[in-house]
Amino acid sequence: LPHVLIQHYQQAPAFQYVLEVMSPLECAEKIKRGDADVGLTFSTAPTDGVEILYSSRSAIRALMRAGHPLSTLKTLPLRALLPFPLALTPKGTTLRQLFDLVCEMEGLHFNHVMTCNYSGAIHEFVRHSDTIAFGGAISQRVNDSSDLVSVPLSNSRFSDRTIQVLTMPKRTLPVSLQGFIETLIGCLQQVN
């Protein structure tokens, strides 16, 4: 979350950041081993062996360019996306698991033209086409621009995931890291 890093860096310029993108399982394992101090994950199931400092629902939304034919709607049934190509995250991500589950439940099959594990590349692709991607409210905050729009999806199953801040249980965290976690949680509370 670049905006969280920037906000915290302005308050603590001596702090050093290492940001890695990985699956929720990999993140939780790094936290358990002590290879990472703090993790931010999306989860659809309880995460064992870590301390969850913050957890909040993070519904999946349709993400599209401003001016897209569906961008002004208040909510979207998944079926409304059928005429448009999709950009998806890889299988195994919480987003893709829920998307595939809802598609199976509703008997829908889509033309997905891009699969990528880097949201920045997906967002750039969506900015310049009628392709639709998916993300949480945090995706809209990350973009924080008027060129992308996120629209809620009507199927309630798209709300079956949480965003969580994780640390190792019983680990004493330095004051500087506690400050970063407070900034991170504060930003997440503003978004969700």
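Source: prediction; values computed, not measured.
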Enquirer: Looking at Tyr9, I want to see if its OH is surrounded by more than 12 non-hydrogen atoms of other residues, nucleotides or ligands under 6.0 Å.
Expert: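 12 or below, so no.
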Enquirer: Are Val50 and Leu40 connected, step by step, through hydrophobic side chains (Ile, Leu, Val, Met, Phe, Trp, Tyr) whose heavy atoms are closer than 4.5 Å?
Expert: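 Shared cluster, no.
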Enquirer: Start with the C-alpha gap between Phe180 and Tyr17, add the side-chain angles, then the distance that decides, and say whether side chain to side chain contact (heavy atoms under 4.5 Å, CB included) holds.
Expert: CA-CA 10 Å; Phe180 172 74; Tyr17 307 89; 4.0 Å; yes
Enquirer: Inspect the surroundings of CD in Glu104 and state if more than 12 heavy atoms from other residues, nucleotides or ligands are less than 6.0 Å away.
Expert: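 No - once you tally the heavy atoms of other residues, nucleotides and ligands closer than 6.0 Å, there are 12 at most.
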Enquirer: Nearest heavy-atom pair of Ile60 and Leu95: which atoms, and what distance?
Expert: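 The answer is CD1-CA, 3.6 Å.
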Enquirer: Do Ile52 and Leu166 come close enough that some side-chain heavy atom pair is under 4.5 Å?
Expert: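 They are in contact (side-chain heavy atoms under 4.5 Å apart), so the answer is yes.
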Enquirer: So Glu29 and Asp35, do their side chains get closer than 4.5 Å, heavy atoms only?
Expert: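 Of all side-chain heavy-atom pairs linking Glu29 with Asp35, none is under 4.5 Å.
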Enquirer: Any side-chain heavy-atom pair from Val102 and Phe158 closer than 4.5 angstrom?
Expert: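 Sidechains of Phe158 and Val102: in contact.
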Enquirer: Say you draw a straight line from CG of Leu88 to CD1 of Ile122; how long is it, rounded to the nearest 0.5 Å?
Expert: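 Answer rounded to 0.5 Å: 7.5 Å.
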Enquirer: Going only through I, L, V, M, F, W and Y residues with side-chain contacts under 4.5 Å, is there a path from Ile31 to Leu25?
Expert: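 Looking at the clustering, Leu25 is in a separate group from Ile31.
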Enquirer: Could you state whether Leu177 and Met168 fall into the same hydrophobic cluster, counting links through intermediate Ile, Leu, Val, Met, Phe, Trp or Tyr residues with side-chain heavy atoms under 4.5 angstrom apart?
Expert: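 Cluster IDs for Leu177 and Met168 differ.
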Enquirer: With a 4.5 Å limit on heavy-atom distance, are the side chains of Ser56 and Leu188 in contact?
Expert: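 No, side chains not in contact.
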Enquirer: Going from OG on Ser58 to CD on Gln164, what distance comes out if it is rounded to the nearest 0.5 angstrom?
Expert: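 Ser58 atom OG to Gln164 atom CD measures 10.5 Å (nearest 0.5 Å).
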Enquirer: Is there side-chain contact between Thr167 and Ile181, with at least one heavy-atom pair below 4.5 Å?
Expert: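 Counting from C-beta outward, Thr167 and Ile181 do come under 4.5 Å.
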